[in-house]
Amino acid sequence: MKSVIRTTAGGPEVLQLVERPVPEPGPGEVRVRMHVSGVNPTDWRSRRRALPAGMTEQVPHQDGAGVIDAVGPRVDPARVGRRVWIWEAAWQRPWGTAQQYTLVPDRHAVDLPDHASFELGAALGIPALTAHRTLTVHDGGPGRLAPGTLQGATVLVAGGAGAVGNAAIQLARWAGARVITTVSGPAKGALAGAAGAHQVVDYRSQDAATEILAFAPEGVDIIVEVSPGTNSTLDIAVAARGAVVAYYGGGEDERLSVPVLSSMAANLRWQSVFVYTVPPAAKQQALTDVAAAVDEGALRVGEDAGMPLHHFTLERTADAHAALEQGVVGKVLLDIP
């Protein structure tokens, strides 16, 4: 089978297309015939770091979608033939999704309904599970998402044209929240609007705090934050009492400096979100809720959903990484032959 691997840390050039034997699933594993592999910022960032301990090579990419074609011992044989989406395939494992067949633990392959495309399946994983966590860590709020669970809440999504931002907008809308988002220009604003944001603020041409508070005079309850160091002053200015700033991103050298008294007076909480180490019960709830949202058609991809798709072949995996690293807007996908 065709596989993309890396044997060292570095730029896109370290990714190699090689031939490898089709693997056999072990106990508790399923083998998935890959159709689409999703590329996320975490993939190029991890590519720049050393291989996990004990590995001499690794197939990249956490997310993807395909069809289970074999199962190992202790897995229900009825799973063979199921369309699935995959999450965290390469987290501390050698088998990512940038290859024709991959192995994952059974629970890491979630059923994908027939009406959902493989493109959507490959776009779920990291973005949707991260977005779910950011929306479910509010004190007194629901630990799950479903229609009505965020009724009455106001959510601010920083960077609504990004993959996590897009998923957060769609999930928050599905759960009944009022959603406002910030973007850096009209094109991204159009995408955030297509995702379902009730209000879009262009922070380069508008006074963001004024616009947000005009939409939510009492402040916002949940802030889904991609750049806490840059946006902390704005977040404090627009947060309601008891709000949470759930941040999932930031630059390598970014620092978060918070005025103590301002945050204290508002009982404001700063909550980091790193999807790989989310508590197991919360991760399982996220898987359940995201699957339900997919079933109900509440999560979509494509330009009309605010998430343009950029397709690459397996042979052009390095180009896909370069495009994402250079800031392409939308979802980068590999079509697996």
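Owing to the predicted nature of the structure, the values given are computational and were not obtained by experimental measurement.
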| message | With clusters defined by side-chain heavy atoms of hydrophobic residues (ILVMFWY) lying less than 4.5 Å apart, directly or transitively, does M34 cluster with L103? | response | no
| query | Heavy atoms, side chains only, cut-off 4.5 Å: are P228 and D235 in contact? | reply | no
| query | So, for I222 and L135, which heavy atoms are closest and what is the spacing to 0.1 Å? | reply | CD1-O, 3.8 Å
| message | Is a donor from one side chain sitting under 3.5 angstrom from an acceptor on the other, for D221 and H138? | response | no
| query | Is V244 reachable from I180 through a run of hydrophobic residues whose side-chain heavy atoms are each under 4.5 Å from the next? | reply | no
| If you measure only the distance, is there a donor-acceptor pair under 3.5 Å linking the side chains of E119 and H311? | yes
| note | Heavy-atom nearest pair, A167 first then A128, reads CB-CA, 4.0 Å
| query | Under a 4.0 Å N-O cut-off, is there an ion pair linking D111 with R83? | reply | no
| said: Can you give me the closest heavy-atom contact between A131 and L171, atom names plus distance? | reply: CB-CD1, 4.1 Å
| request: Using the ring of F215 (Phe, Tyr or Trp, six-membered ring only), decide whether R178 places NZ or CZ under 6.0 Å from its centre and within 45 degrees of its axis. | output: yes
| note | Scanning both residues in full, the closest heavy-atom pair of L268 with A239 reads CD1-CB, 3.8 Å
| said: With clusters defined by side-chain heavy atoms of hydrophobic residues (ILVMFWY) lying less than 4.5 Å apart, directly or transitively, does V4 cluster with I86? | reply: yes
| What are the two closest heavy atoms between G160 and V183, and how far apart are they? | N-CG1, 4.2 Å
| query | Under a 4.0 Å N-O cut-off, is there an ion pair linking K283 with E88? | reply | yes
| query | Same cluster for L124 and V36 if Ile/Leu/Val/Met/Phe/Trp/Tyr side chains link at under 4.5 Å? | reply | yes
| query | Which atom pair, heavy atoms only, marks the closest approach of A109 to V30? | reply | CB-CG2, 3.9 Å
| query | Same cluster for V245 and V226 if Ile/Leu/Val/Met/Phe/Trp/Tyr side chains link at under 4.5 Å? | reply | no
| query | Would you say the side-chain atoms of N40 pair up with the backbone N or O of T42, donor to acceptor, closer than 3.5 Å? | reply | no
| query | Do E57 and R20 sit within salt-bridge range, that is, some charged N less than 4.0 Å from a carboxylate O? | reply | yes
| Donor-acceptor under 3.5 Å (R144 side chain, Q285 main chain) | no
| message | Less than 4.0 angstrom from a charged side-chain N to a carboxylate O is my criterion; do E29 and R93 meet it? | response | yes
| task | For the residue pair W87 and Q62, confirm or rule out a side-chain donor-acceptor distance under 3.5 Å. | result | no
